[in-house]
Chemist: 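Have a look at this one.
Since the structure is predicted, the reported quantities are computational estimates derived from the model, not experimental observations. Counting convention: from 1, in listed order, for ligands and their atoms alike.
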Amino acid sequence: MKTVGKSLAELHKLLVNKEISSVELTREYLDHIREYEPKIKAFITITEDEALKQAEEVDKAIAQGEEIGPLAGIPMALKDNLCTEGIVTTCASQMLRDFNPPYDATVVSRLKAAGAVLVGKLNMDEFAMGSSTENSGYFPTANPWDLSRVPGGSSGGSAASVAAGEVPYSLGSDTGGSIRQPAAFCGVVGLKPTYGAVSRYGLVAFASSLDQIGPLTRTVEDNALVLNAIAGHDPLDSTSVPFNKPDYTQFLENNVRGLKIGVPKEFFGLGLKQEVAAVIEQAIKTFEQLGAKIEECSLPHMEYALPAYYIIAPAECSSNLARYDGVSYGYRAEADGMIEMCKTTRAKAFGQEVKRRIMLGTYALSSGYYDAYYLKAQKVRTLVKQDFERVLAQYDILLSPTTPTVAYKLGEISDPVTCYMGDVYTIPVNLAGLPAISLPAGFTDGLPVGMQLIGNYFAEGLLYRAAYVFEQNTGYYKEIPGLLREAD
Ligand code: GLN
């Protein structure tokens with residue numbers, strides 16, 4: 001397909017110059033999706049009719065000589081925990097298999113207003129709980145770089161669809177790493193914005209004090225363009241922060257001279273695979289050669305971040321998921337009496353991992369254990385946040401691997417704790433509410449390795465600049481999975 005691999009700016013130019021219409025472009029993507037979906041399985045729902053209607057609207061606007069924005073007429077897809085009016089939003093759960101939201105999430109209405117063309121809803125771990133998309137209540141998704149491997153998770157469909165060229169960009173959500181980790185596994189760029197920078201209104205809640213929505217793209221510039229469209233204050237989300245949203249593309253200058261980068265030594269510890277470490281060390285050298293100042297630093301409480309997260313996130317999830325009682329939303333089991341109906345509904349429609357989290361969270365919040373677990377975890381959270389605040393007063397950004405390993409084989413990790421360990425480098429960032437980006441740092445054995453850059457609150461622009469410089473000087477984004485090369 002000729003449009004695969006084209007950036008948003010290039011696609012925009014094709015549309016404005018009338019070299020292709022939005023309907024034609026959308027059809028090309030839909031054809032590509034049809035060709036690759038049997039192998040990738042990134043989509044839960046494909047919205048062909050709606051997409052073509054939206055594309056026609058944009059074509060009309062172009063024909064009337066209207067000026068169109070940078071995302072107008074270009075296809076995209078959404079993680080299936082983002083509410084879309086009248087389009088089934090399953091959260092990859094049997095619980096919500098028939099749930100048609102009566103409203104759009106704010107990010108969805110903002111993309112619609114920007115003329116974006118929604119081609120479908122993407123697979124994920126059920127209710128965003130997981131790191132491999134194998135917890136989906138429907139089917140697993142494959143990694144486009146190696147179909148026998150996981151795409152990461154929970155936004156696995158969001159990352160795999162972009163890596164496979166099925167869409168130029170997608171949105172995901174990140175509670176403990178779910179944008180950055182799949183971005184790393186699939187060799188794409190994923191940003192978790194500052195907590196409060198992007199409205200969560202209409203995002204099906206997992207752990208509300210941690211969840212953030214963000215873009216997954218092939219390039220840094222594309223990422224900045226999508227963030228431009230979705231970020232900014234929203235009165236419908238009480239955790240949304242009023243701030244002066246910049247044009248994020250203005251930060252994309254090819255210069256990191258003098259930039260102070262801290263490398264936290266705790267992010268290179270136990271569990272980090274040698275081949276991943278080697279790629280990240282090379283990336284550090286690249287930054288040095290480009291004129292950045294690199295120093296080792298320390299975040300002493302990092303080892304407690306993962307255990308604290310696995311108290312706080314399940315605690316919040318146990319409360320958020322209490323609403324799925326067979327009465328208000330989605331699935332309802334047949335049973336005698338209200339209590340039996342509610343119990344059977346939850347027993348049947350929730351998957352194992354979701355049940356595990358609800359049980360963990362309910363236990364941690366119970367009166368006898370609240371102080372010992374939940375309160376303690378909240379105190380640890382403060383220490384983690386203070387560690388970051390201290391080092392970010394000395395450094396402009398921090399650099400680390402995104403994940404300790406590359407994408408593992410489907411079915412390889414069956415015990416939950418090993419799976420949880422995969423998020424050691426991403427989770428602390430959510431606890432602190434900071435922004436972080438994962439971008440391709442290189443390859444090992446043909447599999448992508450992700451590098452994480454962490455910034456201060458609302459410093460997404462600086463993250464984009466550093467990521468852009470690295471990307472432009474290394475060119476890893478030009479690599480495409482063998483699967484697509486064979487087709488050319
Ligand atoms: N993998 C982590 C978890 O299972 C993070 C998930 C997420 O960010 N949504 O909780």
Side-chain angles (χ1 to χ4, degrees), residues 78-82 91-93 122-137 140-141 150-159 170-186 190-193 195 198 200 203-216 271 305-318 320-321 350-361 364 377 381 402-405 407-408 413-438 450 452:
L78 301 167
K79 187 174 182 179
D80 210 16
N81 58 356
L82 292 165
C91 260
S93 179
L122 299 160
N123 200 17
M124 54 186 280
D125 288 299
E126 184 178 6
F127 285 102
M129 297 169 198
S131 307
S132 67
T133 313
E134 289 168 298
N135 293 342
S136 165
T141 294
V150 301
S154 64
S155 310
S158 304
S170 65
L171 293 189
S173 68
D174 190 313
T175 306
S178 280
I179 290 175
R180 289 159 288 157
Q181 186 258 21
F185 280 11
C186 290
L191 176 90
K192 176 220 135 8
Y195 186 76
V198 175
R200 293 180 303 108
L203 166 71
V204 179
F206 163 12
S208 310
S209 77
L210 300 157
D211 300 339
Q212 269 293 287
I213 301 165
L216 291 102
L306 193 83
Y309 171 89
Y310 276 99
I311 296 295
I312 294 168
E316 293 186 23
C317 115
S318 72
N320 274 327
L321 272 63
F350 282 143
Q352 258 199 339
E353 184 60 27
V354 172
K355 286 180 190 162
R356 182 179 297 119
R357 305 281 178 115
I358 293 173
M359 284 192 285
L360 268 172
R381 183 175 191 170
T402 307
T403 55
T405 70
Y408 40 89
I413 296 186
S414 51
D415 86 289
V417 176
T418 310
C419 189
Y420 298 170
M421 294 297 288
D423 294 317
V424 272
Y425 307 143
T426 50
I427 275 175
V429 174
N430 299 71
L431 289 177
L434 292 164
I437 193 165
S438 177
Q452 173 171 247

Chemist: Can you pull out the closest protein heavy atom to atom 4 (O) of ligand 1? Residue, atom name and distance to 0.1 Å, please.
Modeler: R357 NH2, 2.7 Å

Chemist: State whether the shortest distance between N or O atoms of A128 and N or O atoms of ligand 1 falls below 3.5 angstrom.
Modeler: yes

Chemist: So which heavy atom on A364 is nearest to which on I311, and how close?
Modeler: CB-CG2, 3.9 Å

Chemist: Quick one: does S131 get an N or O within less than 3.5 Å of an N or O on ligand 1?
Modeler: yes

Chemist: Taking the six-membered ring for Trp, are Y420 and Y310 parallel (under 30°), tilted (30 to 60°) or perpendicular (over 60°)?
Modeler: parallel

Chemist: If I compare all heavy atoms of S93 with all of E126, which pair ends up nearest, and what's the gap?
Modeler: OG-OE2, 2.6 Å

Chemist: For Y420, which part has a heavy atom under 4.0 Å from ligand 1: side chain, backbone, both, or neither?
Modeler: neither

Chemist: Using a heavy-atom cut-off of under 4.0 Å, does the side chain or the backbone of Y310 touch ligand 1, or both, or neither?
Modeler: side chain

Chemist: Y309 heavy atoms, cut-off 4.0 Å: which ligand 1 atoms fall inside?
Modeler: 2 (C), 3 (C), 5 (C), 6 (C), 10 (O)

Chemist: Grab the two heavy atoms, one from L210 and one from A313, that are nearest each other, plus how far apart they are.
Modeler: CD1-CB, 4.1 Å

Chemist: Atom CD1 in I413, atom OH in Y408: separation rounded to 0.5 Å?
Modeler: 4.5 Å

Chemist: Which atoms from ligand 1 have a heavy atom of S154 less than 4.0 Å away?
Modeler: 9 (N)

Chemist: Quickly, which of M129, M359, R357 forms a side chain to side chain contact (heavy atoms under 4.5 Å, CB included) with P314? Name it, please.
Modeler: R357

Chemist: In the protein, which heavy atom is nearest to atom 7 (C) of ligand 1, and how far is it?
Modeler: S178 OG, 2.4 Å

Chemist: Could a heavy atom of A313 be found less than 4.0 Å from some atom of ligand 1?
Modeler: no

Chemist: Report yes if S173 has an N/O atom closer than 3.5 Å to an N/O atom of ligand 1; otherwise report no.
Modeler: no

Chemist: So which atom in F206 and which in D211 form the shortest heavy-atom distance, rounded to 0.1 Å?
Modeler: N-OD2, 3.0 Å

Chemist: Minimum heavy-atom separation for A436 and V429, please, with both atom names.
Modeler: CB-CG1, 3.8 Å

Chemist: What I want to know is whether G176 and ligand 1 share at least one N or O pair that is separated by under 3.5 angstrom.
Modeler: yes

Chemist: Flag G130 as yes when one of its N or O atoms lies below 3.5 Å from any N or O atom of ligand 1, and as no otherwise.
Modeler: yes

Chemist: Would you mind telling me which of S178, S173, S170 makes a side-chain hydrogen bond (donor to acceptor under 3.5 Å, both in side chains) with K79?
Modeler: S173

Chemist: Just which atoms of ligand 1 are under 4.0 Å from any heavy atom in G177?
Modeler: 8 (O)

Chemist: Taking only heavy atoms of F206 into account, list the atoms of ligand 1 that are under 4.0 Å away from them.
Modeler: 9 (N), 10 (O)

Chemist: Exactly one of T403, D423, N430 should register a side chain to side chain contact (heavy atoms under 4.5 Å, CB included) with R180. Which one does?
Modeler: N430

Chemist: What I want to know is whether D423 and ligand 1 share at least one N or O pair that is separated by under 3.5 angstrom.
Modeler: yes

